[in-house]
Amino acid sequence: MNSESVVQYRDGQLYMESISLDSIAEQVETPFYCYSAAAIKARIGDCKSAFENIGATIHYAVKANSNLAVLRLMAEAGLGADIVSEGELARALKAGIQPQDIIFSGVGKRASELLAALDAGIFQFNLESIPELERLADLCKSRRRTANVSIRINPEVDAATHRHITTAVKESKFGIPFSQLDLALKRIARSDSLRLHGLAVHLGSQIVTLEPYEKACRRLREWVIGLRDKGHAITHLDLGGGFGIDYGDGRCLEYGAVATVIDRELRDLGVAIAVEPGRSLVATAGVLVSEVVYRKEVEPVPFLILDAGMNDLLRPALYQASHQLLTLKQSDEAREICNVVGPICESSDSFLQQASLPRVNSGERVALLQAGAYGAVMASGYNSRDVIPEVMITGDQYGLIRRRISHRELMEYEIFA
């Protein structure tokens, strides 16, 4: 399901499921995020059809969108979770995801976070450094517990994505270098508290070609065969996620195509496969609804200044990402070239440059599409602005799933003598 099918014009109004976004904006002050439960469920169904068909387990990458209502949809569908913090662990558990379906990734797991995950009884820790390995072994010993571990190896595969979301090149902070693999395996073997599952990789995010997955699978295959020849029992492979979605340029990666590559390259190894999709499950299901505060007539092109800013949706400033924009009321005005920006006092607070849009005036509302992933989770109160609300639509009903957190409420966390 793409963004165009999630939102559609009916009688001149932009609808998500069976509700016009303008009618919600009349009740919920802009800006706000809005998600379609049906769209998320449809993407979950597509993902399960592809990966469960090859026997792979699916662990939703909580960092993409960690709202409890979104996580509940994952839990109800039987998905596991890929977490990177104690906070994400708490959210996954509260939403109903079972601890035995949780994988803990991330390069900087603190002792308190490792202990929380140990006590919860999660399925697997993906180890990303020798010091982390040693710390987990010591904590397991102190707790008299055993932990399932996989070693995250940096496969040195360039996924040709934005440098800020590339995780598998040689200079990346992620994963243990292959040169340290033998040392890691020896230290796991010496520990009575760590149980080796296998290997984990993650190539990056928003990958839209199959070649990186083909390279990674072939490299993993070689490693598994070599390690088994040395007597290591490799039973699990965690292949991460990173499956790209269409942000308006027609480029994306279908689950079925990735599953075919995995099955072809790894089927006869006799290993359990895990994948960790995040963005691809939720991105197209969400929009950011905003109002045009001012139309600023300048040369060479006018500015549309929105009430949403980079503090609400950081991706354009951080990744130079582009989100499609639609007006909430269908327009037959002639198209013009304009710049769409936010109110934040930063030159990087820009959503679209030289965009071709129908004429939009002050007071009109717009929706930025493909905003369901890495949107609300990355929002902040920069410029002492409110943290904006989130809304979920189910059929012809909608409800707040996170209320607005005002700048006054944010001040309550500060100590002022």
Side-chain angles (χ1 to χ4, degrees), residues 1-3 5-6 35 39-66 70 73-74 77 79-84 103 105 126 152 155 157-162 164-169 174 200-220 237-266 273-286 315 319 321-323 369-375 377:
M1 181 178 287
N2 57 31
S3 296
S5 60
V6 173
Y35 312 119
I40 295 174
K41 290 177 181 178
R43 290 299 289 163
I44 292 172
D46 293 342
C47 188
K48 291 179 70 174
S49 294
F51 291 112
E52 290 184 353
N53 189 49
I54 64 168
T57 59
I58 304 167
H59 304 263
Y60 170 66
V62 174
K63 60 183 175 289
N65 187 323
S66 61
V70 172
L73 295 178
M74 306 298 169
L79 269 58
D82 166 54
I83 63 165
V84 294
I103 295 172
S105 303
N126 285 350
R152 178 173 174 177
V157 172
D158 189 347
T161 187
H162 192 281
H164 292 172
I165 49 177
T166 295
T167 61
V169 293
F174 297 98
V201 296
H202 195 288
L203 306 181
S205 192
Q206 187 52 21
I207 301 168
V208 293
T209 64
L210 286 173
E211 184 180 7
Y213 294 99
E214 292 172 337
K215 288 181 178 178
C217 285
R218 288 167 188 167
R219 197 154 291 177
L220 280 167
L237 290 178
D238 183 344
L239 302 179
F243 317 131
I245 66 108
D246 182 1
Y247 278 104
D249 59 4
R251 303 173 72 222
C252 63
L253 198 55
E254 297 295 337
Y255 295 130
V258 180
T260 297
V261 167
I262 294 171
D263 193 43
R264 183 183 69 229
E265 300 296 337
L266 304 175
I273 300 291
V275 292
E276 300 168 353
R279 177 198 316 270
S280 59
L281 290 174
V282 293
T284 56
R315 293 190 71 255
Y319 304 129
S322 180
H323 290 259
L369 309 187
Q370 305 105 7
Y374 303 105
V377 286

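Owing to the predicted nature of the structure, the values given are computational and were not obtained by experimental measurement. Quick note: residue numbers are just sequence positions, from 1. The figures here come from the full heavy-atom set of this structure, side chains too, leaving out hydrogens, waters and symmetry mates.
Annotation for Cys217 and Leu266: closest pair O-CD2, 3.5 Å, computed over non-hydrogen atoms. The two residues Ala50 and Gly256 have their closest heavy-atom pair at CB-N, 3.7 Å. Scanning both residues, Leu203 and Pro212, for their nearest heavy atoms gives CD1-O, 3.4 Å. Taking all atoms of both residues into account, the shortest heavy-atom contact from Ala77 to Ile44 is CB-CG2, 3.5 Å. Between Val6 and Ala39, the shortest heavy-atom distance links the atoms CG2-CB, 3.7 Å. Closest non-hydrogen pair, Pro277 versus Cys47, comes out as CG-SG, 3.8 Å.
Taking CG of Asp46 as the start and NZ of Lys41 as the end, the distance is 14.5 Å to the nearest 0.5 Å. Taken from CD1 in Ile103 to CG in Asn126, the straight-line distance is 6.0 Å, to the nearest 0.5 Å. Atom CG of Asn53 sits about 13.0 Å away from atom NZ of Lys48, to the nearest 0.5 Å. Put simply, CG on Leu281 and CD on Glu276 are 12.0 Å apart, with the number rounded to the nearest 0.5 Å. With rounding to the nearest 0.5 angstrom, the CG atom of Leu73 is 10.5 Å from the CG atom of Leu79. Atom CD1 of residue Ile58 and atom CD of residue Glu52 lie 5.0 Å apart, to the nearest 0.5 angstrom.
Between Val258 and Leu210 the shortest side-chain heavy-atom distance falls below 4.5 Å. Looking at heavy atoms from C-beta onward, Arg43 lies out of side-chain contact with Val282 at the 4.5 angstrom threshold. Contact annotation: the side chain of Asp249 never approaches that of Val208 to less than 4.5 Å [non-hydrogen atoms, C-beta and beyond]. The shortest side-chain heavy-atom distance between Arg152 and Asp238 does not fall under the 4.5 Å cut-off. Looking only at side-chain heavy atoms (C-beta outward), Met74 and Ile40 come within less than 4.5 Å of each other.
Between Tyr213 and Phe243, the ring planes are tilted. Angles from 30° to 60° get that label.
Sorted by first and then second residue, the salt bridge (Lys or Arg N to Asp or Glu O under 4.0 Å) pairs with a member in residues 56-65 read Lys63-Asp82; sequence neighbours excluded. Listed by first then second residue, pairs satisfying salt bridge (Lys or Arg N to Asp or Glu O under 4.0 Å) with a partner in residues 252-263 read Asp263-Arg267, not counting sequence neighbours.
Results of the side chain to side chain contact (heavy atoms under 4.5 Å, CB included) test with Val275 over Leu237, Thr57, Ile262 single out Ile262 as the only residue that passes.
Without hydrogens or angle criteria, Tyr60 side chain to Asn65 main chain gives a donor-acceptor distance under 3.5 Å.
For Ile245, the side-chain contact (heavy atoms from CB on, under 4.5 Å) partners two or more places apart in sequence, or in a different chain, are Gln206, Tyr247, Arg279, Ser280, Ala283, Thr284, Gln370.
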